[in-house]
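This chain uses plain numbering: 1 for the first residue, then up along the sequence. Keep in mind that this is a model prediction, so the values were computed, not measured. Values below: every heavy atom of this structure, side chains too, minus hydrogens, waters and symmetry copies.
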Amino acid sequence: MYYEGPIYRPPSEAGSLLIQATVGCPHNRCTFCMVYKDGVRFKVRPAGDVKADLQEARRVYGEGIETLFLPAGNTIAMPTDALCEICRYAQEVFPALRRITVYGSSQYIHKKGPAGMEKLAAAGLSRIHVGLETGDDVILERIRKGTRSAEQMTAGRWVMEAGIELSVYVILGIGGKERTVSHAAQTARVLNAIDPDFIRLRTFVPKVNTPMLEDVQTGTFTMLGPHEVLRETEALIKPLTITSQLTSDHYTNYINLFGKLPDDKQILLQEVKLALRRDEDCFRPFFIGDQ
Ligand code: SF4
């Protein structure tokens, strides 16, 4: 099996077969992200090569594979027909396959339109992980996410309407002290409009070789402390009126939250409240990320 560039996958894909259909990220401009900044250029692998990898995986692991993740920054950006062909072939090779997942940013989902999402769903694509990061258009512009909240809402709804599971990532603290109120309120607004299957919280950690680390070091960007991140979390959860599973399954977070909205909303808020009673020294220290 062929692997090129950094291979990232969500924690929820820890047990999945990883087969690369694309390399790198076609956007590669987000100011907080270091993943593909070392020069690896975006490319789509020929479908024949991906199919050969799927065959090899079957020889190595047998035909019992149940979940497949196609890693790299924005595999959703590859041509729809080629991605459909790979999804269909994967199901032939692995008859027990019940989930095929990719990463995808809203702008690339938006380019495909609702018809593209329906086509992919029919071919067997079953889950997309989208880096929403924030619903605040000022922050989206600053972090050069390449999309706006209106586009994120439309794209998210198209994914849900096509019957593809949607998992969205929110970065707590990504607006710094200056935008924390707006970040929480605007992100809740966008999440309420989409009602994704999963909301996954991450906490902003400046990464090596990124413009945001420079901003932190020069004082242009003021990071939130643990209590401020927790208060932002509270402000984000309170206005949610949706049915998503909310989880903070990541090493960057100050506390672990896990609950199904709306039933667990008060429990989640209570956990945040309890955490706010702890001294700030009890939480993980500041660090600069290198992965
Ligand atoms: S965060 Fe995602 S879309 Fe942005 S540069 Fe990194 S891989 Fe690409």
Side-chain polar contacts of residues 71-87 - donor-acceptor pairs under 3.5 angstrom, sequence neighbours left out - could you list them?
{"from": "Asn74", "atom 1": "OD1", "to": "Ser105", "atom 2": "N", "distance (Å)": "2.5"}
{"from": "Asn74", "atom 1": "OD1", "to": "Ser105", "atom 2": "OG", "distance (Å)": "3.3"}
{"from": "Asn74", "atom 1": "ND2", "to": "Ser105", "atom 2": "OG", "distance (Å)": "3.1"}
{"from": "Thr75", "atom 1": "OG1", "to": "Thr22", "atom 2": "OG1", "distance (Å)": "2.8"}
{"from": "Thr75", "atom 1": "OG1", "to": "Leu70", "atom 2": "O", "distance (Å)": "3.3"}
{"from": "Thr75", "atom 1": "OG1", "to": "Pro71", "atom 2": "O", "distance (Å)": "3.4"}
{"from": "Thr80", "atom 1": "OG1", "to": "Lys112", "atom 2": "NZ", "distance (Å)": "3.0"}
{"from": "Asp81", "atom 1": "OD1", "to": "Lys119", "atom 2": "NZ", "distance (Å)": "2.7"}
{"from": "Glu85", "atom 1": "OE2", "to": "Lys51", "atom 2": "NZ", "distance (Å)": "2.8"}

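- Interatomic distance, Leu54 CG to Tyr89 OH, rounded to the nearest 0.5 Å: 7.0 Å.
- By the side chain to side chain donor-acceptor pair (under 3.5 Å) test, Arg202 pairs with Asp249, sequence neighbours left out.
- Residues Leu201 and Leu230 share a single hydrophobic cluster, defined by chaining ILVMFWY side chains whose heavy atoms lie under 4.5 Å apart.
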- Checking side chain to side chain contact (heavy atoms under 4.5 Å, CB included) for the pair Thr247/Leu257: CA distance, chi angles, key distance, verdict? CA-CA 5 Å; Thr247 177; Leu257 293 172; over 6 Å; no
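- Put simply, the side chain of Asn192 gets close to the backbone of Thr241: a donor and an acceptor are under 3.5 Å apart.
- The two residues Leu68 and Ala90 make their nearest non-hydrogen contact at CD2-CB, 3.6 Å.
- Partner of Asp53 under the salt bridge (Lys or Arg N to Asp or Glu O under 4.0 Å) criterion, out of Arg58, Arg59, Arg45: Arg45 alone.
- Proximity of Gln217 to Ile288: side-chain heavy atoms (C-beta onward) are separated by under 4.5 Å at one or more points.
- Between Tyr8 and Tyr36, the ring-plane angle classifies as perpendicular under the 30° and 60° cut-offs.
- The shortest side-chain heavy-atom distance between Lys207 and Leu213 does not fall under the 4.5 Å cut-off.
- Within the 4.5 Å cutoff, no side-chain heavy atoms of Met223 are placed close to those of Lys177.
- Here CG of Leu224 is found 8.5 Å from CG of Leu172. Values are rounded to the nearest 0.5 Å.
- With contacts defined as side-chain heavy-atom distances shorter than 4.5 Å, the pair Val40/Pro6 qualifies.
- Of the N and O atoms on the side chains of His110 and Ser106, not one donor lies less than 3.5 Å from an acceptor on the other residue.
- In this structure, a donor-acceptor pair under 3.5 Å is absent between the side chains of Thr134 and Gln186.
- Looking only at distances, no side-chain donor or acceptor of Glu118 sits under 3.5 Å from a matching main-chain atom of Ala162.
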- Derivation of the side-chain hydrogen bond (donor to acceptor under 3.5 Å, both in side chains) call for Arg98 and Thr67: CA-CA 6 Å; Arg98 58 180 170 78; Thr67 58; 5.4 Å; no
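- No more than 12 heavy atoms of other residues, nucleotides or ligands sit less than 6.0 Å from atom NZ of Lys238.
- Transitive grouping of hydrophobic side chains (ILVMFWY, heavy atoms separated by less than 4.5 Å) brings Val102 and Val168 into a common cluster.
- Between the side chain of Lys145 and the main chain of Cys30, no donor-acceptor pair closer than 3.5 Å is present.
- With rounding to the nearest 0.5 Å, the separation of CZ in Arg148 from CE in Met153 is 10.5 Å.
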- Any chance you could lay out the side chain to side chain contact (heavy atoms under 4.5 Å, CB included) test for Arg127 and Asp197, step after step, and finish with the verdict? CA-CA 10 Å; Arg127 185 181 287 183; Asp197 296 283; over 6 Å; no
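- For the pair Phe42/Cys25, no side-chain contact is recorded, criterion being any heavy-atom separation below 4.5 Å from C-beta on.
- The side-chain heavy atoms of Pro114 and Glu161, taken from C-beta on, include no pair separated by under 4.5 Å.
- Arg157 and Thr154 form no side-chain donor-acceptor contact under 3.5 Å, judged by distance and modelled atom types alone.
- Note on ring orientation: taking the six-membered ring where Trp is involved, the planes of Phe287 and Tyr251 are tilted (angle from 30° to 60°).
- Closest heavy-atom contact between Glu13 and Thr101: OE2-OG1, 3.1 Å.
- Taking every heavy atom of both residues into account, Tyr2 and Gln20 meet most closely at O-OE1, 3.7 Å.
- Two different hydrophobic clusters hold Val190 and Val181 under the rule that ILVMFWY side chains link at heavy-atom gaps under 4.5 Å.
- Hydrophobic cluster membership differs between Phe32 and Val229, with clusters built from Ile, Leu, Val, Met, Phe, Trp and Tyr side chains linked at under 4.5 angstrom.
- Looking at Thr252 and Thr203, their side chains never bring a donor and an acceptor atom within 3.5 Å of each other.
- Side-chain atoms of Thr187 come within 3.5 Å of backbone atoms of Gly135 as a donor-acceptor pair (strictly under, hydrogens ignored).
- Nearest heavy atoms, Glu232 versus Ala184: O-CB, 3.8 Å.
- Counted within 6.0 Å of OH on Tyr61, heavy atoms from surrounding residues, nucleotides or ligands total 12 or fewer; the atom is thus considered open.
- Taking the ring centre of Tyr254 as origin, the terminal cationic atom of Arg284 falls inside the region bounded by 6.0 Å and 45° from the ring axis.
- Between atom CG of residue Leu261 and atom CD of residue Gln245 there is a gap of 8.0 Å, rounded to the nearest 0.5 Å.
- The side-chain heavy atoms of Leu268 and Thr233, taken from C-beta on, include no pair separated by under 4.5 Å.
- In this model, a donor atom of one side chain and an acceptor atom of the other lie less than 3.5 Å apart for Thr243 and Asp195.
- Distance check: Arg200 CZ to Ser244 OG gives 11.0 Å after rounding to the nearest 0.5 Å.
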- For the pair Phe283 and Ile255, evaluate side chain to side chain contact (heavy atoms under 4.5 Å, CB included) and give the outcome as yes or no after the intermediate values. CA-CA 8 Å; Phe283 297 98; Ile255 57 168; 4.0 Å; yes
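- When atom types are taken as modelled, the side chain of Gln91 and the backbone of Ala123 share a donor-acceptor pair closer than 3.5 angstrom.
- Within the 4.5 Å cutoff, no side-chain heavy atoms of Glu165 are placed close to those of Ile128.
- When only modelled atom types and interatomic distance are considered, Thr147 and Glu151 share a side-chain donor-acceptor pair under 3.5 Å.
- Listed by first and then second residue, the salt bridge (charged side-chain N to carboxylate O under 4.0 Å, His left out) pairs involving residues 267-279 are Glu234-Lys273 (not counting sequence neighbours).
- With a 6.0 Å radius and a threshold of 12 heavy atoms from other residues, nucleotides or ligands, Gln55 has its CD atom above the threshold.
- Residue Ser16 comes nearest to Arg99 through the heavy atom pair OG-NH2, 3.9 Å, listed as atom of the first residue, atom of the second, then distance.
- Looking at every heavy atom in both residues, Glu228 comes nearest to Gly225 through OE1-N, 2.7 Å.
- With hydrophobic clusters built from ILVMFWY side chains whose heavy atoms lie under 4.5 angstrom apart, Tyr108 shares a cluster with Ile100.
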- Task: For side chain to side chain contact (heavy atoms under 4.5 Å, CB included), just list the numbers for Thr31 and Thr210, CA-CA rounded to whole Å, side-chain angles, deciding distance to a tenth of an Å, and then say yes or no.
- Result: CA-CA 6 Å; Thr31 58; Thr210 60; over 6 Å; no
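- Atoms CG and CD1, on Asp49 and Ile19 in that order, are 11.5 Å from each other to the nearest 0.5 Å.
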- Step by step, would you call Tyr103 with Phe69 a ring-ring contact (aromatic ring centres under 6.0 Å, His included)? CA-CA 9 Å; Tyr103 280 130; Phe69 181 64; 5.2 Å; yes
